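Take a look at the structure below.
Convention: sequence-line order gives letters A, B, ...; per-chain numbering from 1. Note that the coordinates shown come from a computational prediction; the quantities given were computed from them, not determined experimentally.
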There are 2 protein chains.
Amino acid sequence: MSSDPPGFELPLRLFMGFRMIIDELHAELARQGHPDVRPMHGFVMQAVGPHGTTAVDLGRTLGVSKQAAGKTIDTLERLGYVERSTDPADSRRKIVKLTPHGIDALMKSAAIFDDLRRTWSHTLGEDRLRALEEDLRTMTPPDFFRLDIPGWFGGL
Amino acid sequence: MSSDPPGFELPLRLFMGFRMIIDELHAELARQGHPDVRPMHGFVMQAVGPHGTTAVDLGRTLGVSKQAAGKTIDTLERLGYVERSTDPADSRRKIVKLTPHGIDALMKSAAIFDDLRRTWSHTLGEDRLRALEEDLRTMTPPDFFRLDIPGWFGGL
DNA sequence: GTAAAATAGACAACCAAGTTGTCCATAAGG
DNA sequence: CCTTATGGACAACTTGGTTGTCTATTTTAC
């Protein structure tokens, strides 16, 4: 009987798996006309969602301060992925919406993610991959969103 | 027959799993006398290793510039986890070594990682957990180290 | 109906971790 | 010996985060 693998291997492998998928996503995204979208931007654009949001709200969704959310929106706006407009019903608020360019990036990301999952399925077998996903679902909180990825590595 | 899960769930779950383990590690480490060690520091200390290293070497191991490695060493030195001494055989080089405090942090980390793995084993069953680890080993590069975690999230 | 409180966003100063570029001291090799 | 390579330090800049302060607007409460 072989002994258990050291405990530190598990988080490392989880991270390496994550990183491989994200790196391949962005390499492919670069090839498909989105060379300057960064890992974080994808999450932020997902959090912006189809109906738009505000800086304060986005901050809440992502688990960062409204100022940090505002700065990220600045960047995304400069890159042409989102645009801001004033809320006619409340002139304090600025509604942040995805541009067509942003929507394109999101749709291409979804297709690439599906392709990458097919690669894993091909290598591991669909049964094993489903078991892996199921086990991860068991061990992690049920809600996808609110992953507060931005700034996680700095934040402790 | 149920359809495949969306491709983007897999990287998210991998990351959430990683994050949960690392967050729990650091919560426990804080309780055990290491409140200010950050996720990155653990990886850096692992890379420093028992024999010590230099800034240039550490940068190579971690995949960052020597300047970045130097700054991280500054931080770790200020926190008391490593110390620098001049190499008697080459007065250009400064040898970076773990202090007893650093070694303590590393040993406690290993024990906590093993505990956390036992929790996963308890919930999923040892067989499923081993299958999960085996599948991740299949999908990720074989070498643990050289994970160039520091600065990854900024870097593309 | 107006005064007080809450909210949205902007701006500034700062931190952490990374980058490139420059420079100096020491070591190694022609 | 003189030239080149190496290790480390310093500076300026980039990103993504933080707090704190400030203004404009909207909501609430009397």
Side-chain angles (χ1 to χ4, degrees), chain A residues 19 22 26 36-45 47-48 52-79 81-97 147-156, chain B residues 19 26 35-45 47-48 52-79 81-97 147-156:
Chain A
R19 240 207 84 155
I22 296 295
H26 284 87
D36 39 32
V37 65
R38 314 265 229 81
M40 206 202 32
H41 297 159
F43 293 105
V44 174
M45 287 192 279
V48 169
T53 184
T54 66
V56 168
D57 245 43
L58 184 60
R60 259 196 283 271
T61 306
L62 298 173
V64 300
S65 66
K66 61 179 181 174
Q67 291 90 335
K71 283 207 252 182
T72 305
I73 293 168
D74 288 345
T75 307
L76 249 13
E77 194 175 32
R78 188 169 40 72
L79 292 173
Y81 289 101
V82 302
E83 60 191 357
R84 271 188 258 230
S85 57
T86 306
D87 185 343
D90 182 342
S91 55
R92 287 171 308 180
R93 311 176 78 216
K94 302 255 182 93
I95 310 291
V96 180
K97 283 213 189 72
L147 12 95
D148 59 14
I149 283 188
W152 176 75
F153 245 106
L156 167 70
Chain B
R19 239 207 83 156
H26 283 87
D36 40 31
V37 66
R38 314 266 228 80
M40 205 203 32
H41 298 159
F43 293 105
V44 175
M45 286 192 282
V48 169
T53 183
T54 66
V56 168
D57 244 44
L58 184 60
R60 259 195 283 271
T61 306
L62 297 173
V64 301
S65 66
K66 62 179 183 175
Q67 291 89 337
K71 282 208 251 182
T72 304
I73 293 168
D74 288 345
T75 307
L76 249 14
E77 192 174 33
R78 189 170 39 74
L79 292 172
Y81 289 102
V82 303
E83 59 191 357
R84 273 188 258 231
S85 56
T86 306
D87 185 344
D90 182 342
S91 55
R92 288 172 307 178
R93 310 176 79 213
K94 303 256 182 92
I95 309 292
V96 180
K97 282 213 190 71
L147 12 96
D148 58 13
I149 282 187
W152 177 75
F153 245 105
L156 163 73

### Toward the 5' end of DNA chain C, by each residue's nearest nucleotide, A:Ala55 or B:His41
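On the 5' side of the pair lies A:Ala55.
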Nearest whole angstrom, please: distance from the [atom2] of [N] to the [atom1] of [X].
| X | N | atom1 | atom2 | value |
| --- | --- | --- | --- | --- |
| A:Asp57 | C:dA8 | CG | P | 8 Å |
| A:Asp90 | C:dG9 | CG | P | 8 Å |
| A:Asp87 | C:dA8 | CG | P | 11 Å |
| A:Met40 | D:dG17 | CE | C1' | 10 Å |
| A:Ile73 | C:dC11 | CD1 | C1' | 16 Å |
| A:Arg92 | D:dT25 | CZ | C1' | 5 Å |
| A:Leu79 | D:dT14 | CG | C1' | 14 Å |
| A:Asp74 | C:dA12 | CG | P | 13 Å |

### Sugar-phosphate, base or nothing in reach of B:Ala68, heavy atoms under 4.0 Å
base
### Message
Applying a 4.0 Å non-hydrogen cut-off, can you work out what A:Ser65 is touching in the nucleic acid: base, sugar-phosphate, or nothing?
### Response
base
### Query
Given that B:Val56 and B:Lys71 both sit by DNA chain D, which one's nearest nucleotide is further toward the 5' end?
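So the residue in question is B:Val56.
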### Task
Return the 5'-most residue of the pair A:Ser91, A:Lys66 with respect to DNA chain D, ranking by each residue's nearest nucleotide.
A:Lys66
### Query
Is any N or O donor-acceptor pair between the side chain of B:Lys94 and the base of D:dG7 shorter than 3.5 Å?
no
### Query
Ignoring hydrogens and angles, does a donor from either the side chain of B:Gln67 or the base of C:dG21 sit under 3.5 Å from an acceptor on the other?
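Under the 3.5 Å cut-off, the side chain and the base do form a donor-acceptor pair.
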### Over all atoms of both residues, closest heavy-atom pair of B:Ala55 and B:Ala69
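Scanning both residues, the minimum pair turns out to be O-CB, 3.5 Å.
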Using only side-chain N and O atoms of [X], determine if any of them is under 4.0 Å from OP1 or OP2 of [N].
| X | N | value |
| --- | --- | --- |
| A:Arg93 | D:dT27 | no |
| B:Thr72 | C:dG18 | yes |
| A:Arg84 | C:dA10 | yes |
| B:Thr75 | C:dA16 | no |
| B:Arg38 | C:dA17 | yes |

### Query
Below 4.0 angstrom, N of the basic side chain to O of the carboxylate: do A:Lys71 and A:Asp74 qualify?
no
### Name of the residue among A:Val64, A:Val96, A:Leu62, A:Thr61 meeting side chain to side chain contact (heavy atoms under 4.5 Å, CB included) with A:Val44
A:Leu62
### Query
Distance from A:Thr75 atom OG1 to A:Asp36 atom CG, nearest 0.5 Å?
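Spacing of OG1 (A:Thr75) from CG (A:Asp36) equals 11.0 Å.
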### Message
Under the salt bridge (Lys or Arg N to Asp or Glu O under 4.0 Å) test against B:Glu77, which residue among B:Lys94, B:Lys97, B:Arg84 passes?
### Response
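Only one option passes, and that is B:Arg84.
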